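A short write-up of the structure that comes next.
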Amino acid sequence: MVAVVIGAAGTIGDACVAQFQEVGLPVIAADLTAPSVDGATGTAIDVTHRDSVREVLSALDDSGPISALVYAAGVNTTGPLDGLDWSDYERVMAVNLQGAFHVAAQLEILMNKTPRTLGAVFISSTAGLRGEPGGSVYVASKFGVRGLVESFAGEIAPLGGRANTVCPGNVDSVMLTRLAAQFAQRQGTKVESVMEQLAASNAFHRLITPREVANTCVWLCSAGASGISGQTIVVD
């Protein structure tokens with residue numbers, strides 16, 4: 001049995017790899033370029049291409065059935081609809097939503113071929129719970145992930161599989177810092193001020209740590225969450 005983290009080069013993905021290692025599961029760290037992570041096997045995957053997803057996941061499954069998977073691949077863009085860069089729209093949808101579809105579909109194929117107990121987690125966002133001005137593209141992609149996972153969970157339940165969505169709030173991450181820089185440029189303010197506002201918007205008045213998200217993901221993949229599927233868990 002093996003755990004796979006897709007988007008392992010990102011902040012949350014990297015934390016998930018470390019957490020799986022802590023609980024003693026062999027981990028495959030996958031991203032567009034094979035990540036180099038101590039103690040984990042790195043592999044390249046392009047989630048926007050079905051053939052890449054099919055070939056990589058099939059090869060990994062042949063080596064040892066995938067028992068846990070976290071889909072943490074994600075990109076972001078921000079800005080009003082009347083100034084939308086459609087290439088950004090296509091990129092966000094391709095990675096955040098279409099890639100999630102590719103992975104879920106291939107997992108279901110593999111489960112039909114080789115029965116096993118599987119726990120899968122797909123990272124959405126609190127932006128996938130409510131709309132935000134200037135965030136329509138990212139918000140739509142993350143709402144879509146939740147709908148996909150609820151449907152996917154129902155399809156794999158008879159096969160012994162579970163799937164859940166985790167919605168982090170503002171996480172201390174590279175992505176959030178880049179987003180804050182875009183906000184600051186539009187608002188004519190400093191990045192540090194935007195980051196302070198983002199932290200203050202959380203009930204804890206601080207940013208969520210990547211480890212807090214990873215702990216939730218790994219637990220949802222484990223036997224300890226064996227009765228939980230098709231759910232949206234908010235870490236905020």
Side-chain angles (χ1 to χ4, degrees), residues 6-7 9-16 32 47-48 70-104 121-152 164-214 216-217 230-236:
I6 297 177
T11 303
I12 292 175
D14 181 68
C16 287
L32 191 57
V47 297
T48 67
V70 175
Y71 188 84
V75 294
N76 201 347
T77 189
T78 181
L81 280 169
D82 59 4
L84 185 60
D85 183 327
W86 288 99
S87 63
D88 284 346
Y89 166 86
E90 291 168 359
R91 178 177 61 95
V92 170
M93 289 298 179
V95 175
N96 295 5
L97 186 54
Q98 187 172 306
F101 265 90
H102 292 162
V103 169
V121 170
F122 291 74
I123 302 293
S124 178
S125 168
T126 51
L129 301 171
R130 59 183 178 271
E132 300 174 359
S136 58
V137 178
Y138 185 71
V139 165
S141 73
K142 292 303 187 178
F143 263 86
V145 169
R146 290 177 53 227
L148 161 65
V149 172
E150 288 184 15
S151 301
F152 177 53
N164 291 286
T165 306
V166 168
C167 290
N170 292 321
V171 178
D172 188 6
S173 64
V174 174
M175 180 184 286
L176 188 70
T177 303
R178 288 174 180 162
L179 195 65
Q182 293 176 26
F183 287 156
Q185 185 175 22
R186 285 208 307 268
Q187 297 169 2
T189 187
K190 295 182 179 180
V191 175
E192 293 79 10
S193 298
V194 175
M195 291 293 285
E196 288 173 2
Q197 292 170 17
L198 292 170
S201 69
N202 189 311
F204 298 133
H205 298 291
R206 64 170 176 81
L207 298 178
I208 296 297
T209 70
R211 184 182 177 91
E212 287 173 318
V213 181
T216 304
C217 293
Q231 303 303 306
T232 295
I233 308 300
V234 178
V235 183
D236 187 21

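Every value quoted in this text rests on a predicted model; they were computed, and no experiment measured them.
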**OP:** Report the C-alpha separation of F152 and F101 in whole Å, then their side-chain angles, then the decisive distance to 0.1 Å, and conclude whether the side-chain contact (heavy atoms from CB on, under 4.5 Å) test is met.
**Re:** CA-CA 9 Å; F152 177 53; F101 265 90; over 6 Å; no
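- For T126, the side chain to side chain contact (heavy atoms under 4.5 Å, CB included) partners at least two apart in sequence or on another chain are L129, R130, V234, D236.
- For T232 and N164, the side-chain atoms include no donor-acceptor pair closer than 3.5 Å.
- Here C167 contributes atom SG and F143 contributes atom CZ; the two are 9.0 Å apart, rounded to the nearest 0.5 Å.
- Between G134 and T78, the closest heavy-atom pair is O-OG1, 3.2 Å.
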**OP:** Give the C-alpha distance, both sets of side-chain angles, the deciding distance and a yes or no for side-chain contact (heavy atoms from CB on, under 4.5 Å) between T165 and V121.
**Re:** CA-CA 6 Å; T165 306; V121 170; over 6 Å; no
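- Considering every non-hydrogen atom in both P210 and T11, the closest pair reads CG-CG2, 3.3 Å.
- Remark: Y89 pairs with W86 by the ring pair (Phe, Tyr, Trp, His ring centres under 6.0 Å) rule, at least two apart or across chains.
- Legend: residues meeting side chain to side chain donor-acceptor pair (under 3.5 Å) with S141, ordered by chain and number and at least two apart, are N96.
- A pairwise comparison of heavy atoms in V92 and V75 identifies CA-CG2, 3.7 Å as the closest pair.
- In this structure D14 satisfies the side chain to side chain donor-acceptor pair (under 3.5 Å) test with no other residue, sequence neighbours excluded.
- Not counting sequence neighbours, the partners of N76 by the side chain to side chain contact (heavy atoms under 4.5 Å, CB included) test are Y138, M175, L179.
- R206 pairs by the side chain to side chain donor-acceptor pair (under 3.5 Å) definition with E212, not counting sequence neighbours.
- Two residues are said to be in side-chain contact when any heavy atoms from C-beta on lie closer than 4.5 Å; L148 and V145 fail this criterion.
- Taking the side chain as every heavy atom from C-beta outward, N170 and I208 never approach each other to under 4.5 Å.
- Across every non-hydrogen atom of I123 and C217, the tightest pair is CD1-SG, 3.5 Å.
- Nearest heavy atom pair, residue V70 against residue C16, reads CG1-SG, 4.0 Å.
- For residues 86-101, the set of pairs meeting the salt bridge (Lys or Arg N to Asp or Glu O under 4.0 Å) definition, not counting sequence neighbours, comprises D88-R91.
- Residues satisfying the salt bridge (Lys or Arg N to Asp or Glu O under 4.0 Å) criterion with D85, sequence neighbours excluded, are absent altogether.
- Residue M93 comes nearest to A140 through the heavy atom pair CE-CB, 3.7 Å, listed as atom of the first residue, atom of the second, then distance.
- Checked against side chain to side chain donor-acceptor pair (under 3.5 Å), T48 has the following partners two or more places apart in sequence or in another chain: D46.
- The stretch residues 141-151 participates, sequence neighbours left out, in no salt bridge (Lys or Arg N to Asp or Glu O under 4.0 Å) pair at all.
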